[in-house]
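Just so you know, these numbers come straight off a predicted model, no measurement behind them. Note that these values count all heavy atoms, side chains included, but never hydrogens, waters or copies made by symmetry.
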Amino acid sequence: MMQPMRLRLRRQGRASPLLCLSAAILAAALLPGAAVADGVTPSEARLLRDEVKDMFYHAFDGYMQHAFPLDELRPLSCQGEDSLGGYALTLIDSLDTLALLGDKERFAAGVEWVGKNVRFDINKTVSVFETNIRILGGLLSAHLIASDYATGMEIESYDDQLLHLSVDLAQRLLPAFDTPTGIPFGSVNLLYGVDDDESKITSTAGGGTLTLEFGVLSRLTNNTVFEQVAKNSVRGIWARRSKLNLVGAHINVFTGEWTQKDAGIGTSIDSFYEYVLKAYLLFGDEEYLYVFQEAYKAAMHYLHHDPWYIEVNMNSGATVWPLFNSLQAFWPGLQI
C-alpha cells in the first residue's frame, strides 16, 4: 500500500532538501495563489484544498468520537476495532497530517497522549508491513516534526518520547528478519517473537517496504542494525528476480521460491517500487537507484499496456491478469 514519504532529516540545524521539497509541495496544495498545474485555476485549487481538509477531518473526527483509542473506525456500524495491534493506530498514523494541516493544538495533544499511553510490550501478533508504515513511520514523522523548530510545529515540552517508542517497537520487529533469505516473516508477536505456526510466505511489498523507516531510525539512533536488515530484505527479493527483471507477488522467506509468480505494479508488489526509489532520494544510496532503474525499465516494457498496466508471469512475460486494481493508482505519483 502506498504511503506518503513523510520522513524528514535535519542536518546541522538546517531544514533538509526533502523537508524543503515537502514544503514546496504543501505550498502548492494548500496556499492561496500558489503555483498550480495547467488547467487548474487558483480558485479551483483552493476549493480542492478545502475539500481535502474537510474529508480528513470528517474521517479523523469520526474516529476520535466513535473509535479512539482503538485502532480503527468501522464506518457502517460506527464502532471501534483493534484490528492491527491495539495501539491507537489511526491517531498515530494521522499525527503528521495534523501537522501538515497546521493544526498545532491537536498535533501536540496527540503527541502527548501517545507518549504517555502507548506501549508495545503486549502479547499481540502484528503485521510487520502495516506496523512499520503506520506505527513506526507515524512515530518517527511526528518525532521529527515535534522536535524541529523549522517545521513550525515544535513542542517545547517534547522530550523524544516518540523516538524511544520507535526504538522499542523496531526492536520487537527484528525477530521477523531471522530468515535464511533476509526477507522477514509477514507477522511477529511483539512480546514473544515469531509464532511457531507463522506462515513462511510473505508478499514482495511486505519485504520491500521497510527501508525508509528503518533507515531513518538507524540515523537517529546511530544503530545500523535497523537499516541493514531492511536493506538485506530488498537484496533478498531483488536477488531472486526473474531474467526479465520482474519480481513476483509472494515468496517463501526460507527457500526463496516464488509462490505467486504474477508480476505487476499493484497488489502485493506496489510499494517495493516506491520504496527503492525513495530510499535513494532520502539516503543517496546508489544501490537503491540501480534497483529502481532496472525494475522500472522492466515494468514499463512488460507491464505497461496502454492506457494502463497489467499483470504478467514474471518469467515469461505472458499476460495473466488483464484488469486494473486500485493499488496501482500510486504509479503516476511515483513517476513524477
Note to self: Can you confirm if the aromatic rings of Phe68 and Trp113 lie within a centre distance of less than 6.0 Å?
What the structure shows: yes
Check: Say you draw a straight line from CG of Leu140 to CG of Leu162; how long is it, rounded to the nearest 0.5 Å?
Finding: 9.0 Å
Margin query: Is there a path of hydrophobic side-chain contacts, each under 4.5 Å between heavy atoms of I/L/V/M/F/W/Y residues, joining Val320 to Leu303?
Written below: no
Check: Are side-chain N/O atoms of Glu287 and Tyr280 paired as donor and acceptor at under 3.5 Å?
Finding: no
Notebook entry, point to check: Are a donor atom and an acceptor atom from the side chains of Glu213 and Tyr275 found within less than 3.5 Å of each other?
Noted result: yes
Check: Under a single-linkage definition using a 4.5 Å side-chain heavy-atom cutoff for Ile, Leu, Val, Met, Phe, Trp and Tyr, are Leu70 and Val114 assigned to the same hydrophobic cluster?
Finding: no
Margin query: As a test of understanding, state which of Thr224, Asn223, Val225 forms a side-chain contact (heavy atoms from CB on, under 4.5 Å) with Thr221.
Written below: Asn223
Margin query: Between Thr90 and Glu72, is there a side-chain donor-acceptor contact under 3.5 Å, judged purely by atom types and distance?
Written below: no
Check: So, Asp195 and Thr125: side-chain donor and acceptor under 3.5 Å apart, yes or no?
Finding: yes
Margin query: For the residue pair Tyr87 / Asp82, report whether a side-chain donor-acceptor contact shorter than 3.5 Å exists.
Written below: no
Notebook entry, point to check: Just checking, Arg241 and Trp238: is the charged tip under 6.0 Å from the six-membered ring centre and within 45° of the axis?
Noted result: yes
Item checked: Counterpart residues, side-chain contact (heavy atoms from CB on, under 4.5 Å), relative to Phe56 (two or more places apart) -> Phe60, Ser94, Thr97, Leu98, Leu101
Checklist line | Counterpart residues, side-chain contact (heavy atoms from CB on, under 4.5 Å), relative to Phe324 (two or more places apart) | finding: Trp308, Gln328
Notebook entry, point to check: Any side-chain donor paired with an acceptor under 3.5 Å for Gln228 and Asn232?
Noted result: yes
Notebook entry, point to check: Are Asp61 and Arg106 ion-paired here, with the side-chain N under 4.0 Å from a carboxylate O?
Noted result: yes
Item checked: Validation row: Arg219, Glu227 side chains within 4.5 angstrom (heavy atoms) -> yes
Notebook entry, point to check: Once you round to the nearest 0.5 Å, how far does CZ of Phe226 lie from OG1 of Thr211?
Noted result: 15.0 Å
Checklist line | Donor-acceptor pair between Asn313 and Asp262 side chains, under 3.5 angstrom | finding: no
Next item on the list: Would you kindly check if the NZ (Lys) or CZ (Arg) of Lys231 is within the cone defined by 45 degrees around the ring axis of Phe283 and under 6.0 Å from the six-membered ring centre?
Entry: no
Note to self: Rounded at 0.5 Å granularity, tell me how far NZ in Lys278 sits from CG in Leu334.
What the structure shows: 7.0 Å
Item checked: Check: Ser271/Thr209 side-chain N/O donor and acceptor closer than 3.5 Å -> yes
Margin query: I need the single residue from Trp331, Phe292, Tyr296 that forms a ring-ring contact (aromatic ring centres under 6.0 Å, His included) with Tyr273. Which is it?
Written below: Trp331
